[in-house]
Structures are given as structure tokens and as C-alpha cells.
Amino acid sequence: MPPAPPATATAPASVAAMRWHKRVLLISASDADDPRLVEQRGMLQAWRTGAEDRDLVVIEILGERVIGAGDGAGALRRRYRLPASGFGVALVGKDGGVKLRRSRPVDAAMLAETIDAMPMRRAGGR
């Protein structure tokens with residue numbers, strides 16, 4: 001029997017599949033040139049270790065494209081009440097509930113404070 005072919009990149013999991021495993025930060029923007037998106041990316045880049053320590057996955061919804069999850073853009077926007085145009089952020093807890101929603105970039109301190117106050121985080125469940 002021939003060896004198996006090398007593993008190929010698999011499609012990212014859906015947000016629903018991440019439930020109980022990851023916290024999700026959904027960032028929605030009309031396009032990649034939105035200055036609020038650029039600002040949010042910068043804030044998250046500086047906080048990379050803090051995000052990883054908190055089991056946080058970032059998913060971007062840019063126009064009709066989703067980066068980081070296998071869900072459709074429209075479905076994610078409807079499910080998490082994000083704007084169809086413009087900018088929006090939603091922090092989803094491991095339980096699947098929205099813990100924070102904003103129409104402007106969210107700084108690392110607010111994300112850390114919100115996540116650290118979550119029951120699973122306080123109980124030591126990362």
C-alpha cells in the first residue's frame with residue numbers, strides 16, 4: 001500500500017465547533033481598508049501572548065469573505081448581530097454567548113478584563 005499523501009490544509013472549523021474549546025473575537029468590516037480594522041489588528045498584534053493565554057481565536061469577516069472559520073459571512077453577521085457594512089466586534093465566550101459587542105475597536109485591556117471575568121476563566125479553565 002503506498003504511503004498516505006501529505007496532509008493538506010483542512011477547512012477552518014465553524015464558530016459552533018469551537019464552542020467549549022475557544023473564545024472567539026469576531027471582527028466585521030466592509031473591506032480590508034477600513035481604518036478601524038487596521039487599528040483593531042494593531043491592538044491584537046501587540047496582545048498576541050495574552051490572547052493565546054486566554055484561548056482566544058480571531059475571525060475576520062471582510063465583505064463576503066471569512067478568515068479563520070468555515071462559516072459564511074452573512075450567517076455569522078446575522079447570528080452575532082454584526083453590521084452588514086461598516087465595522088463591528090463581538091467577543092464570544094466558550095459557552096457560545098456574546099460577552100461584548102462594540103462598533104469601534106476594542107483595546108487589549110478591555111478584552112483581558114472581560115475574558116478574565118468569565119466564569120470558566122475564573123475557575124481555571126483558561
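Side-chain atoms are counted along with the backbone in the values below, which use heavy atoms only and exclude waters and symmetry mates.
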By the salt bridge (charged side-chain N to carboxylate O under 4.0 Å, His left out) test, which pairs, at least two apart or in different chains, include something from residues 35-51?
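Every pair satisfying salt bridge (charged side-chain N to carboxylate O under 4.0 Å, His left out) with a residue in residues 35-51: Asp34-Arg36, Arg41-Glu60.
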So Val58 and Leu26, side-chain contact (heavy atoms from CB on, under 4.5 Å) or not? Walk me through it.
CA-CA 6 Å; Val58 177; Leu26 295 165; over 6 Å; no
Hey, quick one: are Val98 and Met118 part of the same hydrophobic cluster, counting side-chain heavy atoms closer than 4.5 Å, chains of contacts allowed?
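No.
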Is it possible for you to say whether Ile59 and Phe87 belong to one hydrophobic cluster, with membership spreading through side-chain heavy-atom contacts below 4.5 Å?
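In one cluster with Ile59: Phe87, no.
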What residues form a side chain to side chain contact (heavy atoms under 4.5 Å, CB included) with Ala16, not counting sequence neighbours?
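Partners of Ala16 by the side chain to side chain contact (heavy atoms under 4.5 Å, CB included) criterion, ordered by chain and then number, come out as Ser14.
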The criterion is side chain to side chain contact (heavy atoms under 4.5 Å, CB included); which residues satisfy it with Val106, sequence neighbours excluded?
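Partners of Val106 by the side chain to side chain contact (heavy atoms under 4.5 Å, CB included) criterion, ordered by chain and then number, come out as Gln40, Val89, Leu100, Arg102, Met110, Leu111.
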Decide, yes or no, whether a salt bridge links Arg19 with Asp95 under the criterion of side-chain N to carboxylate O below 4.0 Å.
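The answer is no: the pair does not qualify as a salt bridge.
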Could you list the donor-acceptor pairs under 3.5 angstrom formed between side-chain atoms of residues 66-80 and any protein atom two or more places apart in sequence or on another chain?
from: Asp71; atom 1: OD2; to: Val15; atom 2: N; distance (Å): 2.8
from: Arg77; atom 1: NE; to: Ser28; atom 2: OG; distance (Å): 2.9
from: Arg77; atom 1: NE; to: Pro83; atom 2: O; distance (Å): 3.1
from: Arg77; atom 1: NH1; to: Gly63; atom 2: O; distance (Å): 2.6
from: Arg77; atom 1: NH2; to: Ser28; atom 2: OG; distance (Å): 3.3
from: Arg77; atom 1: NH2; to: Ala29; atom 2: O; distance (Å): 3.4
from: Arg77; atom 1: NH2; to: Ile61; atom 2: O; distance (Å): 3.4
from: Arg77; atom 1: NH2; to: Gly63; atom 2: O; distance (Å): 3.1
from: Arg78; atom 1: NH1; to: Gly74; atom 2: O; distance (Å): 3.4

Measure the spacing between [atom1] of [X] and [atom2] of [Y] and express it to the nearest 0.5 Å.
X	Y	atom1	atom2	answer
Asp55	Ile115	CG	CD1	9.0 Å
Leu62	Leu37	CG	CG	5.5 Å
Trp47	Arg54	CH2	CZ	5.0 Å
Thr114	Lys99	OG1	NZ	11.0 Å
Leu56	Leu91	CG	CG	6.5 Å

Kindly say whether Gly88 contributes a backbone atom to a donor-acceptor pair with the side chain of Ser103 at under 3.5 angstrom?
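The answer is no, because no donor-acceptor pair under 3.5 Å joins these two groups.
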